[in-house]
Amino acid sequence: MAKFNRQVSYFAIALCVLGVALIAFRHFVSGIPFLPGASQTLWAVEAKIQFEADKGPISVSFTLPNEHAQFVQVNERTASPGFDLMFDEGPKARVAKWSINEAKGKQTLYYLTELKVAPNTAASPADRPTIEKPRFLGSTATAAGSVLSDANTASTHPFDIIEALIKAFQTPNQQAQLLLQKSTVSQRIVQLLMQADIPAREIDVLVLKDGGRQQPLRTWIQVFDGEAVRIFDPSGKYNPAKTPWVIWEQNDGGVIELMGGHGATVGFSMLQKRVPIVSELRKAQAQAEPGLLDASIHSLPLSEQALFKGILLVPVGVLIVVLMRTLVGLKTSGTFMPVLIALAFMQTSLATGLIGFALIVGMGLMIRSYFSRHNLLLVARISLVIISVVLIMALFSVVAFRFGLSEGLKLTLFPMIILSWTIERMSILWEEEGAKEVALQGGGSLFVALLGYMVMTNGLVQHLTFHFLGLQFIFMAIVLMCGSYTGYRLLELKRFRRFLAN
């Protein structure tokens, strides 16, 4: 046994050395800082265009993002095997044009751009749209006049008027509902602003969300007041002053034009990156391909990078579970259930997650206790618990939505199978050991999940795990050493208190 422990120790030391070497290489050679604040912010945005090609030549035109006062484009590239590509510097917008003589079946094109968060002095001001007053007829004209009159009552300033219009359409009365029968909210607001001699237009905006995958473009409104220009979200969901966004198209044109195919769709994936300024300077000086040691998650497609940003936090939660169970002696219901619950808390919120977990497990235990009276087989019993958990989550979501509690809709992010097994384990434990043991393991699971949530949501931890893969080898070394630990656990030391008293 001693020889085995020495081998484990040697293996753990080797893993630590390998991990430290990889971390040092990433920091000193690649220039990745240890602190996230020591770098500049880049938004990597990837547009994924898909369509079905008909037989014959194909041409695809894709509008590229406009210049933005808050972002500077530092890089762009495409991936389009077999297609010819050219960029058209049009008078109003840049357009990427792909073409091929013949293609068949499903086609996928990629466009990726990197935007640095910095003032863009080269960005030209937006062109003021020409006021074209709409023609409202019959009852629509009466409704438009009533809604616009109510908005003008509060203030005559253009920005105050559009805020009043947005509120009017969020809780629509009879007049607002009439206007929305044949038009969208953004279309009607622009028409009403034009009617009030206020220049405005619809624009296609991409809301930047770190780790977002297959995000759509959203229609916002650009409003002019003299030299001032402001952007408004007609749905009221986002505050443009506090939300990162970029204008993708603002010239009343289509984002995609396809000839020779059908069913064109575009989805956007994005990732916020902290890139050292020194590393960016090195890239400008040396264009050589990175070596094997410099390979990282950043070489993957953007959608996979966003996925791995969450996956790489799982070993952190696993390490916490191992330390708490092996060294502290804390009991949990299931080995790695706390890790999955912590990940669910990250997707919902801490308060919503705690309440949802307590409600689902509590009701599940009551339902499980009923099933236990009928001596069902294990597979059937677990299946019934899973179905019950799904129904409970659906019920809570519907009730939460009915009462305007949007946070309740996030309960669907909980791992259903893990919750079902947790309910099953707690029920068996209750029957065999009693309520005290259930409280100990349930409380221990929640405590470890909360601890994991606090660690995994830490910005420094997220930065280090994503940028330094060598850290995973160090985690493995720590777990190896914990696996060979045979001493007393911290909670077991209370048994020796009487010896200290003597």
Side-chain angles (χ1 to χ4, degrees), residues 65-71 117 119-120 123 125-136 139-209 212 215-252 401 403-407 409:
N66 288 56
E67 292 180 331
H68 198 292
Q70 299 177 1
F71 296 99
V117 180
N120 187 359
D127 296 332
R128 182 187 299 269
T130 303
I131 295 179
E132 298 179 359
K133 292 192 175 183
R135 296 181 60 188
F136 296 112
S139 59
T140 304
T142 303
S146 175
V147 173
L148 189 57
S149 176
D150 292 341
N152 278 316
T153 303
S155 174
T156 58
H157 194 280
F159 298 155
D160 294 333
I161 291 176
I162 186 174
E163 289 180 350
L165 290 174
I166 291 174
K167 292 180 180 179
F169 283 107
Q170 283 180 347
T171 54
N173 53 25
Q174 185 176 1
Q175 306 295 337
Q177 288 177 348
L178 178 60
L179 292 175
L180 294 179
Q181 288 182 355
K182 297 183 179 180
S183 297
T184 63
V185 173
S186 58
Q187 290 172 344
R188 284 306 189 195
I189 290 179
V190 170
Q191 290 175 352
L192 292 174
L193 291 173
M194 290 288 192
Q195 186 70 22
D197 294 323
I198 300 174
R201 65 157 63 96
E202 290 181 297
I203 58 175
D204 291 320
V205 169
L206 179 64
V207 177
L208 301 178
K209 178 183 178 182
Q215 298 293 307
L217 292 175
R218 305 179 188 276
T219 302
W220 286 6
I221 299 175
Q222 190 179 55
V223 183
F224 296 78
D225 177 32
E227 297 298 326
V229 182
R230 281 184 61 182
I231 308 296
F232 295 87
D233 176 17
S235 68
K237 181 179 180 180
Y238 297 97
N239 183 356
K242 299 180 180 179
T243 304
W245 50 271
V246 60
I247 297 176
W248 205 271
E249 202 283 326
Q250 63 177 6
N251 299 299
D252 301 325
F401 180 76
F403 288 96
L405 303 175
S406 58
E407 289 293 321
L409 300 177

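Side chains included, hydrogens not; waters and symmetry mates left out as well; all remaining heavy atoms used.
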Q: Go through the structure and list residues passing salt bridge (charged side-chain N to carboxylate O under 4.0 Å, His left out) with Lys133, not counting sequence neighbours.
A: Asp197
Q: Report the distance from atom CD of Gln191 to atom CG of Leu148, rounding to the nearest 0.5 Å.
A: 12.0 Å
(Q) Out of the candidates Ile161, Ile231, Leu193, only one should pair with Val223 under the side-chain contact (heavy atoms from CB on, under 4.5 Å) rule; please name it. (A) Leu193
Q. When you look at Trp220 and Val207, which way does the side-chain contact (heavy atoms from CB on, under 4.5 Å) test go after all the steps?
A. CA-CA 10 Å; Trp220 286 6; Val207 177; 3.7 Å; yes
Q. Roughly how far, to the nearest 0.5 Å, is the OG1 atom of Thr219 from the CG atom of Asp204?
A. 5.0 Å
Q: Over all heavy atoms of both residues, which pair between Pro199 and Pro129 is shortest? Give the atoms and the distance, please.
A: CB-O, 4.0 Å
(Q) Nearest 0.5 Å, please: how far is CG in Leu179 from OG1 in Thr140? (A) 6.5 Å
Q.
So does Tyr238 get a backbone contact from the side chain of Asp233, meaning a donor-acceptor N/O pair under 3.5 Å?
A. yes
Q. Distance from Trp245 atom CH2 to Leu217 atom CG, nearest 0.5 Å?
A. 13.5 Å
Q: List the atom of Met194, the atom of Ala200, and the distance in Å for their closest heavy-atom pair.
A: CE-O, 3.0 Å
Q.
Minimum heavy-atom separation for Phe232 and Pro240, please, with both atom names.
A. CA-CG, 4.1 Å
Q | Distance (rounded to the nearest 0.5 Å) between Asp160 CG and Leu165 CG | A | 11.0 Å
Q: Let me see the working for Val185 and Leu180 under side-chain contact (heavy atoms from CB on, under 4.5 Å), right down to the final yes or no.
A: CA-CA 7 Å; Val185 173; Leu180 294 179; 3.7 Å; yes
Q.
Show the nearest heavy-atom pair for residues Ser146 and Gln175, with the distance to one decimal.
A. OG-CG, 3.9 Å
**Q.** Leu206 versus Pro216, closest heavy-atom pair with distance
**A.** CD1-O, 3.9 Å
Q | CD1 on Ile189 to OG on Ser183, rounded to 0.5 Å | A | 11.5 Å
Q.
Determine whether a donor-acceptor pair (N or O, by modelled atom type, separation under 3.5 Å) exists between the side chain of Gln222 and the backbone of Arg230.
A. no
Q: Mind listing the closest non-hydrogen atom pair of Arg128 and Arg201 along with its distance?
A: C-NH2, 4.2 Å
